[in-house]
Amino acid sequence: MLVDSHCHLDFPDFAEELDQVVARARDGGVGLMLTINTHVSRFPRVLAVAERFDDVYCTVGIHPHEAGAEPATDADTLIGLAQHPKVVGFGETGLDYYYDKSPRDRQQASFRAHIEASRRSGLPVIIHTRDADDDMARILTEEHAKGPFPGLVHCFSSGPQLAEIAINLGLYISISGIVTFKKAEALQATVSGLPLDRLLVETDCPYLAPIPYRGKRNEPAYVAHTAAKVAELQGVGIAQLEQATTDNFLRLFTKVPAP
C-alpha cells in the first residue's frame, strides 16, 4: 500500500465530497493518510476529519505563514493537544522566506517550540522550508545539539546540501508531486541520490497535483503518480518503493498502528 504523508483534508476544497475523496484514495491503494494542521486555532476541525475516518490521522501545529497571526503556542500546549490518539505529530512548522507572510523572528520562535515538543514527546515534527536553507540548517543543527528529535522535511524542493544535513540529523525527506514536473531536473537529481530508507511520499493536496493532473485540485489518490516517479528515480520497482515508504512512515510515526 501507499501512505499520503501530508494532505490537508480539512480545507474547503474537499468539503463537498470528502467521503468520495477518501474512497478514491483507498481504491487507489492508499492505506493511510496524514492530514496536517496549519492553524492551531482550527485544530478541532482537523481532528474531526481524523476522527471521522479510521485510516486518517492528523497533526497539531502552526504553518510558518501563520506564525505572526496565530496565538503564540508553546511546547506544553502542543504536547497537551497531542494526547489524543489520532494526533501523531507536530506541524507543519518551519520557515518560509519566499512569501514572508509572517515576521521571520516569529517563524523561528514557533519552529523552535514545535521542535521542543517533538524532542520531549518523541512525536515527529513536520518541517516546511522555502528559500530559507541557511537558517533552516542552522536551527536544525542548534536544536539537535540540545537533544535529538524525530521529524521530516516535507514537500522537499531544496538542494542536496540541506537534504544531507537533514538525513545526518536523523530526519526523513518527503517528496511531493513537484518531482514529476518537467522542469524539476535539479530536484529529480537530488531525489535519485537519497537513501530509500529515509523517503516518504505525499500530495500536499489540494496543492501541487502531479503530472498528469498538474493544474487541477490534488487529492490523496494521486500520490501514486509521485511514488511511480520516485521509484523510477531510485531505480526500484513500484512495489519496493511502496513497501519502503510505508515502512518508513510507520517507523517515524510511532503512534500510527500498522494496518
Side-chain angles (χ1 to χ4, degrees), residues 1-12 14-15 18 21-22 25-26 30-67 70-94 109-128 143 147-155 170-172 174 200-206 220 223 245-259:
M1 72 174 195
L2 282 164
V3 178
D4 184 356
S5 67
H6 194 112
C7 54
H8 296 283
L9 297 180
D10 70 301
F11 280 20
F14 300 114
L18 185 56
V21 167
V22 172
R26 292 167 175 164
V30 181
L32 291 168
M33 289 156 269
L34 184 61
T35 191
I36 304 295
N37 192 200
T38 57
H39 302 65
V40 73
S41 61
R42 301 179 189 173
F43 171 66
R45 81 182 196 187
V46 176
L47 180 59
V49 172
E51 290 180 319
R52 181 170 162 185
F53 302 101
D54 289 344
D55 45 3
V56 176
Y57 291 81
C58 72
T59 64
V60 57
I62 300 172
H63 193 288
H65 287 342
E66 316 304 331
E70 285 287 294
T73 304
D74 61 16
D76 287 336
T77 301
L78 292 168
I79 291 170
L81 293 170
Q83 296 308 300
H84 190 285
K86 277 283 187 160
V87 183
V88 300
F90 300 106
E92 63 186 283
T93 181
S110 179
F111 184 28
R112 290 183 189 272
H114 286 71
I115 292 175
E116 181 186 347
S118 172
R119 183 188 298 113
R120 287 169 48 189
S121 69
L123 299 181
V125 59
I126 293 85
I127 300 165
H128 171 111
E143 290 295 328
F149 54 90
L152 67 88
V153 182
H154 106 92
C155 192
L171 303 177
Y172 289 72
S174 184
L200 288 80
V201 288
E202 64 171 86
T203 57
D204 200 13
C205 64
V223 77
T245 53
T246 297
D247 289 347
N248 295 344
F249 178 87
L250 294 171
R251 190 183 314 117
L252 180 60
F253 291 93
T254 55
K255 278 182 70 174
V256 179

How close do [X] and [Y] get, heavy atom to heavy atom, and via which atoms?
X: L9; Y: P220; answer: CD2-CG, 3.9 Å
X: M1; Y: P259; answer: CE-CG, 3.4 Å
X: E92; Y: P64; answer: O-CD, 4.2 Å
X: N37; Y: V60; answer: OD1-CA, 3.5 Å
X: K255; Y: H84; answer: NZ-O, 2.8 Å
X: A75; Y: E116; answer: CB-CD, 3.7 Å

Say whether, by atom type as modelled, one donor and one acceptor occur between the side chain of [X] and the main chain of [Y] under 3.5 angstrom.
X: D10; Y: R45; answer: no
X: T59; Y: I36; answer: no
X: E70; Y: S41; answer: yes

Are [X] and [Y] side-chain neighbours, meaning at least one heavy-atom pair lies under 4.5 Å?
X: L123; Y: S118; answer: no
X: H128; Y: H154; answer: yes
X: F14; Y: C205; answer: yes
X: I127; Y: F111; answer: yes
X: F249; Y: L152; answer: no
X: F90; Y: I115; answer: no
X: V3; Y: V256; answer: no
X: R26; Y: F53; answer: yes

Between L47, V46, V49, T35, which is the residue that forms a side-chain contact (heavy atoms from CB on, under 4.5 Å) with K86?
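Exactly one option meets the side-chain contact (heavy atoms from CB on, under 4.5 Å) with K86, and it is L47.
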
Would R52 and V22 count as a side chain to side chain contact (heavy atoms under 4.5 Å, CB included) if you check the C-alpha gap in whole Å, the side-chain angles of each, and the deciding distance to 0.1 Å?
CA-CA 11 Å; R52 181 170 162 185; V22 172; over 6 Å; no

Please list, chain by chain and in numerical order, all residues satisfying side-chain contact (heavy atoms from CB on, under 4.5 Å) with T73, sequence neighbours excluded.
V40, I62, T77, L78

Would you compute the distance between atom [atom1] of [X] and atom [atom2] of [Y] and round it to the nearest 0.5 angstrom?
X: R251; Y: T246; atom1: CZ; atom2: OG1; value: 11.0 Å
X: L200; Y: D247; atom1: CG; atom2: CG; value: 10.5 Å
X: L171; Y: L252; atom1: CG; atom2: CG; value: 8.5 Å
X: L34; Y: T203; atom1: CG; atom2: OG1; value: 10.0 Å

Whether the S5 and E202 side chains hold a donor-acceptor pair (N or O, under 3.5 Å, no angle test) is what I'd like checked.
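Checked: S5/E202 side chains show no N/O donor-acceptor pair below 3.5 Å.
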
Check the angle between the aromatic planes of H8 and H6 and answer parallel, tilted or perpendicular using the 30° and 60° thresholds.
perpendicular

